[in-house]
Amino acid sequence: MSLEQRVQQLWSRCGPVSTLLLPLSALYCAVVRRRRHAFLAAPPPALPVPVVVVGNITVGGTGKTPMTIALCEWLRGQGWRPGVVSRGYGGSGAREPKSVQAQSRASEVGDEPLLIALRAQVPVCVCADRMAAAQALLDAQACDILIADDGLQHYRLPRDVEIAMLDGRRRLGNGRCLPAGPLREPAIRLQAVDFVIVTEGQPGAGEYGMALRLDAAWALREPTRRQPLSAFAAQPAVHAVAGIGHPERFFAALEAAGLAIVRHAFPDHHGFDADDLAFGDDAPVLMTEKDAVKCLDFAPAACWAVPATADLPSDFTDALAARLRTHHG
């Protein structure tokens with residue numbers, strides 16, 4: 001069992017270890033509530049464009065990056081010019097706004113911002129202060145709507161719409177805040193957001209379900225070369241590599257596509273090197289796109305990236321369009 005699986009198991013129930021950690025959770029919750037109350041009492045000044053925040057209240061992968069990419073594509077189809085601001089987690093921690101370009105390194109700007117810039121083809125700016133990143137995009141007149149990737153708890157940034165992502169199978173775990181449970185904010189926080197989007201599992205009342213699908217793989221050495229996942233099903237086994245918040249989701253999706261896989265789970269935002277991909281055989285190596293953008297310089301010829309695409313439900317996009325009209329005419 002991997003470390004990630006052990007932690008998720010701990011956070012799935014109110015066991016003795018979780019209970020021992022409750023005093024630390026109480027301190028954590030006190031800090032979180034104080035920050036939230038300060039935001040509500042004196043919210044930051046509104047920006048001249050709508051701000052859509054995508055985030056979650058749980059630790060671990062919930063599909064935020066595919067959602068952000070899909071939102072960019074949908075907004076562009078509606079006539080908007082979206083831009084994305086991000087902390088740039090996994091990068092060098094830019095203290096000044098840094099524009100993400102196609103030639104940027106994930107080690108500098110973060111793996112998720114680089115993937116968003118490459119996939120969505122929109123302006124992306126990273127900074128520890130997301131308000132400064134937003135202002136940089138506005139100063140460049142690069143967009144007329146902003147998406148804050150993983151910005152739900154970044155209260156220096158104003159917001160018009162909040163979207164909380166939720167894993168439908170794990171949901172809120174034992175319902176406790178860190179470190180006794182998986183919550184970054186108390187569960188009641190979900191009642192204050194505009195939309196709750198559920199990936200995997202069944203959405204509850206007032207929630208929207210969002211499907212994530214795996215598309216044709218592309219070769220890291222030759223990005224224009226593509227193969228459907230079915231082409232790998234004839235292999236005795238393929239290596240599956242994932243350094244994301246919830247690797248098992250990727251592994252299960254590959255198996256559902258008919259592939260026999262050898263699992264290689266790494267910590268979220270893992271800094272890969274060539275040794276991580278040296279498995280001592282000629283079997284294909286399939287990895288998430290988030291991992292692939294960090295391996296382009298040294299990946300063996302047998303490495304393939306598998307894109308994950310979010311299919312936005314029409315009832316959600318209809319409601320979001322109405323909300324944007326309400327806020328900004």
Quiz item: Is a side-chain donor or acceptor of D215 paired with a backbone partner of P307 at a separation under 3.5 angstrom?
Solution: no
Quiz item: Knowing that exactly one of K290, R105, K294 qualifies, which makes a side chain to side chain donor-acceptor pair (under 3.5 Å) with D111?
Solution: K294
Quiz item: When you look at T65 and L115, which way does the side-chain contact (heavy atoms from CB on, under 4.5 Å) test go after all the steps?
Solution: CA-CA 8 Å; T65 300; L115 175 56; 4.1 Å; yes
Quiz item: With respect to Q153, which candidate in R35, R36, E185 satisfies the side chain to side chain donor-acceptor pair (under 3.5 Å) definition?
Solution: E185
Quiz prompt | Closest approach of L220 to A305 (non-hydrogen atoms, all atoms of both residues) | solution = CD1-N, 3.4 Å
Self-check item: Distance-only side-chain donor-acceptor flag, S99 / Q101, under 3.5 Å
Solution: yes
Quiz item: When you measure from the side chain of S104 to the backbone N and O of V100, does any donor-acceptor pair fall under 3.5 Å?
Solution: no
Quiz item: Quick one: does H239's side chain have a donor or acceptor within less than 3.5 Å of a partner on F279's backbone?
Solution: no
Quiz item: Ion pair present between R156 and D129, side-chain N to carboxylate O less than 4.0 angstrom?
Solution: yes
Quiz item: If you draw a 6.0 Å radius around CG in D315, do more than 12 non-hydrogen atoms from other residues or ligands fall strictly inside?
Solution: yes
Quiz item: Okay, side chain of E255, backbone of A252: is any donor-acceptor separation there less than 3.5 Å?
Solution: no
Exercise. Mind checking the OH-CD1 spacing from Y208 to I163? Nearest 0.5 Å is all I need.
Key: 10.5 Å
Quiz item: Any side-chain heavy atom of V241 sitting closer than 4.5 Å to one from V285?
Solution: yes
Quiz item: Atom CH2 of W304 and atom CE of M287: how far apart are they, to the nearest 0.5 Å?
Solution: 12.5 Å
Exercise. To the nearest 0.5 Å, tell me how far I145 CD1 sits from L47 CG.
Key: 12.0 Å
Practice problem: State, with a plain yes or no, whether a side-chain heavy atom of L312 is found less than 4.5 Å away from one of M67. | Solution: yes
Quiz prompt | Shortest non-hydrogen separation from D160 to P50 and the atoms involved | solution = OD2-CA, 3.2 Å
Quiz item: Minimum heavy-atom separation for V122 to C72, with atom names?
Solution: CG2-SG, 3.8 Å
Exercise. State which residues pass side-chain contact (heavy atoms from CB on, under 4.5 Å) with T62; sequence neighbours excluded, sorted by chain then number.
Key: N56, T58, K64, M165, D167
Practice problem: Only counting residues at least two apart or in another chain, list the ones meeting side-chain contact (heavy atoms from CB on, under 4.5 Å) with I188. | Solution: P186, Q191
Exercise. Answer whether the closest heavy-atom distance between the side chains of S25 and P179 falls below 4.5 Å.
Key: yes
Quiz item: What's the verdict on side-chain contact (heavy atoms from CB on, under 4.5 Å) for L166 and E207, showing C-alpha distance, side-chain angles and the deciding distance?
Solution: CA-CA 10 Å; L166 184 64; E207 300 173 346; 4.1 Å; yes
Quiz item: Can you tell me how far the NE2 atom of H246 sits from the OG1 atom of T199, to the nearest 0.5 Å?
Solution: 8.5 Å
Quiz item: Sub-3.5 Å donor-acceptor pair from the side chain of S18 to the main-chain atoms of A180, do we have one?
Solution: yes
Practice problem: For the residue pair I147 and V85, establish whether any side-chain heavy-atom pair is separated by less than 4.5 Å. | Solution: no
Practice problem: State whether the side chain of W74 and the backbone N or O of I69 hold a donor-acceptor pair below 3.5 Å, judged by distance alone. | Solution: no
Exercise. Answer whether the closest heavy-atom distance between the side chains of F266 and D291 falls below 4.5 Å.
Key: no
Self-check item: N/O donor-acceptor pair under 3.5 Å between R119 side chain and T309 backbone
Solution: no
Quiz item: H270 and D276: side-chain donor and acceptor closer than 3.5 Å?
Solution: yes
Quiz item: Which atom pair, heavy atoms only, marks the closest approach of V53 to G151?
Solution: CG1-C, 3.3 Å
Quiz prompt | Polar side chain donor-acceptor pair, W218 to E289, under 3.5 angstrom | solution = yes
Practice problem: Mind running side-chain contact (heavy atoms from CB on, under 4.5 Å) on F232 and Q227 for me, showing each step along the way? | Solution: CA-CA 8 Å; F232 299 94; Q227 282 194 171; 3.3 Å; yes
Quiz item: Just wondering, do P123 and V84 contact through their side chains at under 4.5 Å, heavy atoms?
Solution: no
Quiz item: Do E248 and R263 meet the salt-bridge criterion of a basic N to acidic O distance under 4.0 Å?
Solution: yes
Quiz item: Are the side chain of D194 and the backbone of E162 linked by a donor-acceptor contact shorter than 3.5 Å?
Solution: yes
Quiz item: R184 and D150: salt bridge (Lys or Arg N to Asp or Glu O under 4.0 Å), yes or no, with the steps?
Solution: CA-CA 12 Å; R184 300 161 75 177; D150 197 15; 3.3 Å; yes
Practice problem: Would you check if the side chain of D144 reaches a backbone N or O of R81 as a donor-acceptor pair within less than 3.5 Å? | Solution: yes
Practice problem: Can you measure from SG (C177) to CG (L27) and round to the nearest 0.5 angstrom? | Solution: 12.0 Å
Quiz item: Quick one: CG on L21 to CG on L178, what's the gap to the nearest 0.5 Å?
Solution: 10.0 Å
Self-check item: Ring-face cation contact, F39 with R159, 6.0 Å cut, 45° max
Solution: yes
Self-check item: Step-by-step side-chain contact (heavy atoms from CB on, under 4.5 Å) determination, Q121 to R76
Solution: CA-CA 10 Å; Q121 295 291 296; R76 193 162 47 211; 4.3 Å; yes
Self-check item: T288 side chain vs A242 backbone, donor-acceptor pair below 3.5 Å
Solution: no
Exercise. Could you tell me whether the side chain of L324 reaches within less than 4.5 Å of the side chain of L75, counting heavy atoms only?
Key: yes
